[in-house]
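Presented below is the structure to which this report refers.
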Protein chains: 2
Amino acid sequence: MANIKDIAKHLGVSVSTVSRAMNGHPDVSEETKKQVLEAVRALNYRPNAIAKGLIQKKTFTIGLMIPDISDPFFSSMANGVEETLSERGYQVVYGNTNRNPNKEKQFIANAIQRQFDGLIITPDFWDEEFAGLLAELEMPVVLLRRRTPQGLSMPYVDVDHYRAATEAVNYLIGLGHRNIGFIGMPATSFSGSERLRGYMDTMREHGLLPAEPDVVAGGRTIAFGREAMEMLHEGNPQLTAVFAANDLLGIGALEWAAIRGIPVPDQLSVIGYDNLEYADLHWIQLTTMAQPRREMGSKAAHMLLQMIADKETLPGSELLEANLIIRRSCKERPTT
Amino acid sequence: MANIKDIAKHLGVSVSTVSRAMNGHPDVSEETKKQVLEAVRALNYRPNAIAKGLIQKKTFTIGLMIPDISDPFFSSMANGVEETLSERGYQVVYGNTNRNPNKEKQFIANAIQRQFDGLIITPDFWDEEFAGLLAELEMPVVLLRRRTPQGLSMPYVDVDHYRAATEAVNYLIGLGHRNIGFIGMPATSFSGSERLRGYMDTMREHGLLPAEPDVVAGGRTIAFGREAMEMLHEGNPQLTAVFAANDLLGIGALEWAAIRGIPVPDQLSVIGYDNLEYADLHWIQLTTMAQPRREMGSKAAHMLLQMIADKETLPGSELLEANLIIRRSCKERPTT
DNA sequence: CTGAAAGCGCTTACAG
DNA sequence: CTGAAAGCGCTTACAG
């Protein structure tokens, strides 16, 4: 591969001149600029970005740390990140952590050694060591789909899960439902507990204080949703509607209804959360709260760009809104 | 950030010694090695991978070019790639091309400038310029889910679509079906035409030369599958089974049946191709040919690793086998 | 407008 | 076993 010296030699000028011509430096004559560009084409010269990065202390690469790129939720966010960053000449390096604490630390260590310009991360573990790593990091970081823990100061972008849950439950109540169950994620999930809180508060506000058997939580899968729906029904056969904290749980509820021969939405309304591709299938048509996944990614990317441009001022965190997507899994309360 | 000079100064040794100690060079005394490692920890020194890369001409980064990371097909493959590469200290840099020829070229140009150690790519365009770029590339490349075009010599890993189609159709025939339709992808798709060829050959072998109306091709979506099934049925109401060239098309066929009230698999058998997550849903339970997506990714990564280790000998291409996943969308031919 | 020189942070023959 | 020196391929004050 030709390097900058080859170009200089070829033209009988100095490497400084070649460098300046290539980087659009103002004080270099049109004539030499033209010659340089010609030589670059002729020798098929491509400046070595590694050398450039070493001297400029800027690598135009961003690390994106997520639990699992094959989870459609994260891949859409990753797409949003990649799109806005690549437009501006950045490369994104992604790392799957598989929710493994060591892989998370490994990724950060790598980012430091490789001199990334910034990081967008969705961490799952906040032990001391990890928090220490982040605190010492001399690199802009934005949290994606996570809130900033005590003691750290980086901005985040997340969805307002509490508000979204409120909206979902209000929709059901607006349809006339009074006995509304909740299928939840494990208690360890922050976004899960926000959704539960939104459900509880909204029910209470309407004087519909839910009885204990109306809440079953602890999983994230279709299978768990099916079992939870069964438990909900056993505990309170009066239930006419269910808010599932994610779409997989909601689909599990739908499965239960299908197996039991209970017509949805005529006898049972189900609302989900996520708007997975699944939700739009002919047999499912799940009404759900859509999180703006792609937008979250691009928002995080923009924030990071801003932090890179202005090292001093920290942008504020952002809480995006979920949207109610009405399909065909909810209906007015049956008047029996 | 501390650098290698700081460590050397701190210890009163030369940078060469620090470098050798850190890289496990044999002839450096145990004593100094210990001291260096201690100082590294004390000053929290992390070697600059950029500088290292510049001098060693090895960056431990691999480019992964795919059409769309949010397509579950590609994200599974990406996962396979990332897993095997990250274990060996490589970082993977991915780029979505969105099937845009300029983005493809842009990615290759970037890979050159950034001195990647190798590339795994799933290109969609093979114009002269792109082929030229690849031909001049001084970097190992393996093709993923694509076959190597004339004139180039890099290895590929793909699935044997022809064989898989053969297996799918034979399964249907083994179930007693004789009137078997085909829903296909656009004619421009290589893998699509391989699947069509497998269907045609197998039908012919069994003396079931399909009539023209038994083949409808031209799309990849659920909506197209639904319409295609309608056309197939109009053209030949005798059809008792259908081979869909991908799962989305198959699901479309299932939708058509559901809307028409035609029971599957009692009146109509449907077999798909891909084994998407969708296929396992309660309402779908689509029998299908599974492509070993993750394995394809890791296989490609292993090949690339081998090419990096041994610059001389080119590994052979690999054609992986798809597996028949039997669910509940196929049954013996109805004996009417 | 252009060039010589220093330097980014490392590694690696070459001497000793 | 250790150090001084050269060099990877660039950019950027500093002079002129």
Side-chain angles (χ1 to χ4, degrees), chain A residues 1-37 39-40 43-61 89 109-117 138-139, chain B residues 1-37 39-40 43-61 89 109-117 138-139:
Chain A
M1 273 284 298
N3 64 22
I4 196 170
K5 262 191 204 160
D6 297 324
I7 304 292
K9 205 174 298 171
H10 181 79
L11 253 34
V13 299
S14 74
V15 294
S16 334
T17 300
V18 175
S19 172
R20 280 189 280 253
M22 294 211 56
N23 293 298
H25 213 79
D27 39 43
V28 45
S29 79
E30 278 308 316
E31 180 54 23
T32 51
K33 192 179 289 184
K34 196 185 297 175
Q35 288 182 10
V36 167
L37 264 21
V40 164
L43 303 192
N44 193 24
Y45 167 59
R46 316 243 182 196
N48 181 324
I50 297 294
K52 208 165 181 166
L54 180 59
I55 198 153
Q56 294 190 141
K57 296 180 174 314
K58 163 116 188 160
T59 55
F60 279 97
T61 108
N110 246 295
I112 298 173
Q113 299 195 200
R114 288 167 179 267
Q115 313 281 112
F116 289 173
D117 293 335
E138 293 162 0
M139 169 185 320
Chain B
M1 274 282 299
N3 64 23
I4 196 170
K5 264 190 202 160
D6 297 324
I7 304 292
K9 207 174 295 172
H10 180 79
L11 253 36
V13 299
S14 73
V15 295
S16 334
T17 300
V18 176
S19 171
R20 281 189 279 251
M22 295 213 51
N23 294 297
H25 213 81
D27 39 42
V28 47
S29 80
E30 277 307 315
E31 180 55 21
T32 51
K33 192 178 290 181
K34 197 185 299 175
Q35 287 182 10
V36 167
L37 264 22
V40 164
L43 303 192
N44 194 25
Y45 166 60
R46 315 242 182 196
N48 182 324
I50 297 293
K52 208 165 180 163
L54 180 58
I55 198 153
Q56 293 191 143
K57 297 181 174 313
K58 162 117 188 160
T59 55
F60 279 97
T61 108
N110 246 296
I112 297 174
Q113 298 196 200
R114 288 167 178 268
Q115 314 280 114
F116 290 173
D117 293 336
E138 291 161 2
M139 168 185 321

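Lettering of chains follows the sequences in order, A, B, ..., and the numbering in each one begins at 1.
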Roughly, in whole Å, what's the span from CD1 in B:Ile4 to P in C:dC10? 6 Å
Paired with A:Val15, the side-chain contact (heavy atoms from CB on, under 4.5 Å) test is passed by just one of A:Asn3, A:Ile4, A:Asp6, namely A:Ile4
Only Watson-Crick and G-U wobble pairs with both distances less than 3.5 Å should count. Give DNA chain C in dot-bracket notation, marking inter-strand partners with |. |||.||||||||.|||
According to a strict under-4.0 Å criterion, is A:Asn23 in side-chain N/O contact with OP1 or OP2 of D:dT11? yes
Interatomic distance where OH belongs to B:Tyr45 and P belongs to C:dG9 [whole Å]: 10 Å
What is the minimum heavy-atom distance between A:Leu54 and B:Asn48, and which atoms define it? CD1-ND2, 4.1 Å
Check step by step if side chain to side chain contact (heavy atoms under 4.5 Å, CB included) holds for B:Arg114 and B:Thr59. CA-CA 8 Å; B:Arg114 288 167 178 268; B:Thr59 55; over 6 Å; no
Please determine if a side-chain N or O atom of A:Thr32 lies less than 4.0 Å away from the OP1 or OP2 oxygen of C:dC1. no
Note: B:Ala39 and B:Ile7 closest approach over all heavy atoms is O-CD1, 3.9 Å
How is A:Ser19 classified with respect to the nucleic acid when contacts are heavy atoms under 4.0 Å: base, sugar-phosphate, or nothing? base
Round to the nearest Å and state the distance from A:Leu11 atom CG to C:dC1 atom C1'. 15 Å
Tell me whether the side-chain N/O atoms of B:Ser14 come closer than 4.0 Å to OP1 or OP2 in D:dT2. no
Taking donor-acceptor contacts at under 3.5 Å, does the side chain of A:Arg46 reach the base of D:dG9? no
For atom CG of B:Leu43 and atom C1' of C:dG9, their distance in whole Å: 16 Å
B:Asp6 atom CG is separated from C:dG9 atom P, nearest whole Å, by 9 Å
For DNA chain C, whose closest nucleotide is more 5', that of B:Pro47 or that of A:Asp27? A:Asp27
Rounded distance (Å) that lies between atom P of C:dG9 and atom NZ of B:Lys5: 7 Å
From OG1 (B:Thr32) to CG (B:Leu11), nearest 0.5 Å: 8.5 Å
Taking all non-hydrogen atoms of both residues into account, name the closest pair between A:Ala8 and A:Ser14 and its distance. CB-C, 3.9 Å
A:Lys58 atom NZ, neighbour heavy-atom count above 12 within 6.0 Å: yes
Choose from D:dT11, D:dA4, C:dT2 the nucleotide whose nearest atom is closest to any side-chain atom of B:Ser16. D:dA4
Tell me the interatomic distance from B:Arg20, atom CZ, to C:dA13, atom P, rounded to whole angstroms. 11 Å
Counting neighbours of NZ on B:Lys5 that are heavy atoms of other residues, nucleotides or ligands and sit closer than 6.0 Å, is the number greater than 12? no
Of the residues in residues 48-61 of chain B, which ones touch DNA chain D at a heavy-atom distance under 4.0 Å? B:Leu54, B:Ile55, B:Lys57
Minimum heavy-atom separation for B:Ala109 to A:Arg46, with atom names? CB-NH1, 3.5 Å
Looking at every heavy atom in both B:Met22 and B:Tyr45, which two are closest together, and how far apart are they? SD-CE2, 3.3 Å
Rounded off to whole Å, could you give me the CZ-to-P distance for the B:Arg114 and D:dC10 pair? 15 Å
Is the phosphate of D:dT2 approached by B:Thr17 (side-chain N or O, under 4.0 Å from OP1 or OP2)? no
